[in-house]
Amino acid sequence: QLVESGGGLVQPGGSLRLSCAASGRTFSNYAVGWFRQAPGKEREFVAAINWSAITYYADSVKGRFAISRDNAKNTVYLQINSLKPEDTAVYYCATNYNTLVFRAPNDYRYWGQGTQVTVSA
């Protein structure tokens, strides 16, 4: 089971750190992805991290978002900075419990319930 947390209401230019914790199964050796879905839009890739902490980002978030992992805590983080209103969405983490990194949501089998991020003045 994956559980996201850390979302909230933040002003433009602000920051948040989202967490994705795995319970019942370790994912320290596996790839994990972050996605987001805004109202009326399709779920889109944001970032991913592989088992050796190599990171991947969507062009729209490069330089503002940072994905990392703490294997001791069985948790993957998404640091989101310089937030813009267009970053407003529900943010999800996902994994297949394997080492492959994908950018397409349909390629992931296991998902968390999501955490809402709202950027507004």
Could you tell me whether the side chain of [Y] reaches within less than 4.5 Å of the side chain of [X], counting heavy atoms only?
{"X": "L78", "Y": "R17", "answer": "no"}
{"X": "V76", "Y": "F27", "answer": "yes"}
{"X": "I49", "Y": "Y56", "answer": "no"}
{"X": "Y97", "Y": "R109", "answer": "no"}
{"X": "Q37", "Y": "E44", "answer": "no"}

Working for side chain to side chain contact (heavy atoms under 4.5 Å, CB included), residues L18 and V117
CA-CA 9 Å; L18 308 183; V117 172; 4.0 Å; yes
Donor-acceptor pair, side chain of R103 and main chain of F45, under 3.5 angstrom
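No, because the side chain of R103 does not come within donor-acceptor range (under 3.5 Å) of the backbone of F45.
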Distance, nearest 0.5 Å, that separates [atom1] of [X] from [atom2] of [Y]:
{"X": "T99", "Y": "N50", "atom1": "OG1", "atom2": "CG", "answer": "8.0 Å"}
{"X": "S52", "Y": "N29", "atom1": "OG", "atom2": "CG", "answer": "10.5 Å"}
{"X": "T115", "Y": "Y92", "atom1": "OG1", "atom2": "OH", "answer": "10.0 Å"}
{"X": "L2", "Y": "T95", "atom1": "CG", "atom2": "OG1", "answer": "6.5 Å"}
{"X": "S60", "Y": "D87", "atom1": "OG", "atom2": "CG", "answer": "7.5 Å"}
{"X": "S5", "Y": "Y77", "atom1": "OG", "atom2": "OH", "answer": "8.5 Å"}

Any side-chain donor paired with an acceptor under 3.5 Å for N81 and S15?
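Per modelled atom types, N81 and S15 side chains form a pair under 3.5 Å.
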Pair T26-S28, side-chain donor/acceptor within less than 3.5 Å:
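Yes, side-chain donor-acceptor contact under 3.5 Å.
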I need the minimum non-hydrogen distance between [X] and [Y], along with the two atoms involved.
{"X": "P12", "Y": "A121", "value": "CD-N, 3.7 Å"}
{"X": "R36", "Y": "A89", "value": "CB-CB, 3.8 Å"}
{"X": "A48", "Y": "Y108", "value": "CB-OH, 4.4 Å"}
{"X": "L16", "Y": "G6", "value": "CD2-O, 3.7 Å"}

Show the numbers, then the answer: is there a side chain to side chain contact (heavy atoms under 4.5 Å, CB included) between Q116 and T88?
CA-CA 8 Å; Q116 176 71 48; T88 295; 4.0 Å; yes
F35 and W111 aromatic centres sub-6.0 Å
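Between F35 and W111, the centre distance is under 6.0 Å.
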Determine, step by step, whether N96 and Y30 satisfy the side chain to side chain contact (heavy atoms under 4.5 Å, CB included) criterion, reporting the C-alpha distance in whole Å, the side-chain angles of both residues, the deciding distance to 0.1 Å, and the verdict.
CA-CA 8 Å; N96 287 329; Y30 305 132; over 6 Å; no
Could you go through K84 and V119, starting from their C-alpha distance and side-chain angles, then the distance that decides it, and tell me whether this counts as side chain to side chain contact (heavy atoms under 4.5 Å, CB included)?
CA-CA 6 Å; K84 306 174 183 179; V119 184; 5.6 Å; no
Among the clusters formed by ILVMFWY side chains lying less than 4.5 Å apart, do F102 and V32 turn up in the same one?
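Each belongs to a different hydrophobic cluster.
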Counting only heavy atoms not in E42, do more than 12 sit closer than 6.0 Å to its CD atom?
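Incorrect, the count does not exceed 12.
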Between Y91 and F65, what is the ring plane arrangement, given parallel below 30°, perpendicular above 60°, and tilted in between?
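The arrangement is tilted - the two ring planes meet at 30° to 60°.
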Looking at K62 and D59, is there a salt bridge between them, counting it only when a charged N and a carboxylate O are closer than 4.0 Å?
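Counted as a salt bridge, because a side-chain N and a carboxylate O are separated by less than 4.0 Å.
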